[in-house]
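One structure is given below, encoded as structure tokens.
Sequence lines set the chain letters: A, B, ... in the order given, protein chains first and strands last, and positions in each chain run from 1. A quick note: this is a predicted structure, and the numbers were derived from the prediction, not measured.
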Number of protein chains: 2
Amino acid sequence: MPDPADFDLERFLPYLLNQAAEATSRSFQASYKAAYGLTRTQWRVLANLGKFGSMTARDICRISHIEKTKVSRAVAALEEQGLLSRTTSPLDRRAEILALTDAGRAVFADLGQRAIEYDRALRARLGTQIAADLDDLLRRIIAEGTPVGDED
Amino acid sequence: MPDPADFDLERFLPYLLNQAAEATSRSFQASYKAAYGLTRTQWRVLANLGKFGSMTARDICRISHIEKTKVSRAVAALEEQGLLSRTTSPLDRRAEILALTDAGRAVFADLGQRAIEYDRALRARLGTQIAADLDDLLRRIIAEGTPVGDED
DNA sequence: GCAAGTTAGTTGCATACGCAACCAAGTCAA
DNA sequence: TTGACTTGGTTGCGTATGCAACTAACTTGC
């Protein structure tokens with residue numbers, strides 16, 4: 001039975017991960033927020049559409065592990081801004097096929113580049129081999145990282 | 001000039017970090033949220049007070065890198081729940097010295113233990129050596145991870 | 001063909017957050 | 001002392017989020 005006095009937030013993995021995530025997200029946030037007024041979620045949805053082409057909101061949920069509510073609102077906002085268009089699926093009239101508009105693709109082109117550059121710079125500073133290992137670790141954490149249960 | 005089509009969210013470090021952070025935080029969240037109705041921020045503030053003893057809100061900001069607003073509200077909530085007490089500092093009447101109450105210490109004891117166990121289990125599954133390396137990496141990212149500027 | 005589920009997506013509500021503006025107490029210098 | 005500046009902490013306001021409840025469109029078994 002561990003002594004609670006031994007507990008140190010600074011060595012607590014969830015905390016460290018959070019800080020690291022905040023640090024990186026925050027600084028990249030400037031790109032999509034300042035330049036295009038996008039939310040983190042909106043940027044992610046856009047990035048998925050940019051990468052994978054047309055798909056339905058549900059697909060985005062599956063791929064990106066973002067909850068449906070968040071996706072739904074992000075999609076609404078992106079549509080509002082003219083960055084994506086919705087078409088009711090002919091196969092399933094509940095579903096909507098989402099696709100970036102030209103404007104959306106332009107934004108993705110710009111942000112995609114910046115993201116690549118940002119990522120490269122960060123990895124370079126960490127050391128590319130190390131960064132690659134980090135990827136694996138993070139994926140493992142994401143995959144099995146939820147020992148207690150309670151999935152998102 | 002990178003081709004935006006090369007961009008893949010799944011290999012974007014800020015994104016991976018976020019997912020990993022979410023995955024771990026989420027599952028530990030059950031402990032403090034379900035059991036004590038605490039917010040992530042509240043739990044962190046409590047953890048810092050539990051670890052370091054009495055200190056001022058400003059100190060918590062410095063140590064934990066949480067913004068003052070968040071700390072302020074968390075402190076108010078924790079006081080409301082009877083987990084901490086405030087005393088105006090005799091040295092500087094603007095500052096308030098925060099200290100856990102007995103109830104607060106009890107909560108910390110419980111959550112501290114659970115946190116240690118959670119962390120251990122996670123590290124064990126990653127491999128302890130690897131987990132230690134991960135710590136370093138994350139600290140580096142946190143420290144220098146914000147190349148563009150725009151600090152928190 | 002239809003009642004009992006499912007599933008895609010939206011919405012209401014209550015809460016947490018970020019930012020900027022704001023008080024009150026302290027500091028510093030003239 | 002007094003006026004300009006800094007600093008500890010709070011608050012108002014607009015926005016993002018999570019959860020549960022909801023609609024509409026599909027599926028299944030009978």
Side-chain angles (χ1 to χ4, degrees), chain A residues 18-19 21-23 25-27 29-30 32-34 36-46 49 54-81 84-98 150-152, chain B residues 18 21-23 25-27 29-30 32-34 36-46 54-81 84-98 150-152:
Chain A
N18 236 301
Q19 297 266 312
E22 280 305 305
S25 292
R26 273 286 175 87
S27 74
Q29 182 177 12
Y32 54 78
K33 187 168 183 184
Y36 299 104
L38 296 181
T39 289
R40 192 135 90 200
T41 309
Q42 289 167 222
W43 144 244
R44 284 183 185 169
V45 167
L46 183 135
L49 285 172
S54 307
M55 52 203 237
T56 153
R58 175 178 154 282
D59 296 332
I60 297 185
C61 292
R62 299 270 159 101
I63 293 181
S64 66
H65 304 130
I66 309 178
E67 305 103 274
K68 42 177 350 198
T69 324
K70 252 162 125 177
V71 171
S72 171
R73 294 197 242 245
V75 165
L78 289 171
E79 186 187 30
E80 183 81 14
Q81 296 165 69
L84 71 72
S85 65
R86 315 163 133 173
T87 325
T88 322
S89 161
L91 302 172
D92 182 342
R93 281 171 28 230
R94 290 169 305 178
E96 291 179 325
I97 298 175
L98 309 171
D150 184 308
E151 200 46 88
D152 87 315
Chain B
N18 236 302
E22 280 304 305
S25 293
R26 272 289 175 88
S27 75
Q29 180 179 15
Y32 54 79
K33 187 170 183 183
Y36 300 103
L38 296 181
T39 291
R40 192 136 89 198
T41 309
Q42 290 167 222
W43 144 245
R44 283 182 186 171
V45 167
L46 183 133
S54 306
M55 51 202 231
T56 154
R58 176 178 153 280
D59 296 332
I60 297 185
C61 291
R62 299 269 160 99
I63 293 181
S64 65
H65 304 130
I66 308 177
E67 306 103 275
K68 44 180 343 199
T69 323
K70 254 163 124 176
V71 171
S72 171
R73 293 197 241 244
V75 165
L78 289 171
E79 185 188 31
E80 183 80 14
Q81 297 165 66
L84 71 72
S85 65
R86 317 163 133 174
T87 325
T88 323
S89 162
L91 301 173
D92 182 340
R93 281 175 23 234
R94 287 171 304 180
E96 291 179 325
I97 298 175
L98 308 171
D150 185 307
E151 200 46 88
D152 88 314

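Not a single donor-acceptor pair, N or O on each side, falls under 3.5 Å between the base of D:dG9 and the side chain of B:Arg86. A donor and an acceptor atom never sit less than 3.5 Å apart when one is taken from the side chain of B:Arg93 and the other from the base of D:dG9. Contact annotation: side chain of B:Arg58 to base of C:dG26, donor-acceptor pair absent below 3.5 Å.
Within the 4.0 angstrom heavy-atom criterion, base atoms lie near A:Arg73. In this structure, A:Lys70 reaches the sugar-phosphate backbone alone: every heavy-atom distance under 4.0 Å involves primed, P, OP1 or OP2 atoms, never a base.
Under a 4.0 Å N-O distance rule, the pair A:Glu22/A:Arg40 qualifies as a salt bridge.
Under the 3.5 Å distance criterion, the side-chain polar atoms of A:Ser72 are left unmatched by any main-chain donor or acceptor of A:Lys68. Between the B:Thr39 side chain and the B:Gln42 main chain, no donor and acceptor come within less than 3.5 Å of each other. Between the B:Glu79 side chain and the B:Val75 main chain, no donor and acceptor come within less than 3.5 Å of each other.
Between the C1' atom of D:dG9 and the CG atom of B:Leu98 lies a distance of 11 Å, rounded to the nearest Å. In this structure, B:Asn18 atom CG and D:dT17 atom P are separated by 11 Å, rounded to whole Å. Straight-line distance from the CD atom of A:Glu80 to the C1' atom of D:dA16: 16 Å, rounded to whole Å. One interatomic measurement links the two molecules: CD1 of A:Ile66 to C1' of D:dC19, which rounds to 18 Å at whole-angstrom precision. Between the P atom of C:dT11 and the CD atom of A:Glu67 lies a distance of 17 Å, rounded to the nearest Å.
Nearer the 5' end of DNA chain D, as judged by each residue's closest nucleotide, is the contact made by B:Thr56, out of B:Thr56 and A:Gln42. If A:Lys33 and A:Arg62 are placed on DNA chain C by their nearest nucleotide, the residue sitting closer to the 5' end is A:Arg62. Between A:Thr41 and A:Arg94, the residue anchored nearer the 5' end of DNA chain D, judged by the nucleotide with its closest heavy atom, is A:Thr41.
Note that CD1 of A:Ile60 is 11.5 Å distant from OG1 of A:Thr41, once rounded to the nearest 0.5 Å.
Side-chain proximity of A:Thr39 to the nucleotides D:dA16, C:dG18, C:dA16 is greatest for D:dA16.
For the pair B:Thr69 and C:dC17, the criterion of a side-chain N or O lying under 4.0 Å from OP1 or OP2 is not met.
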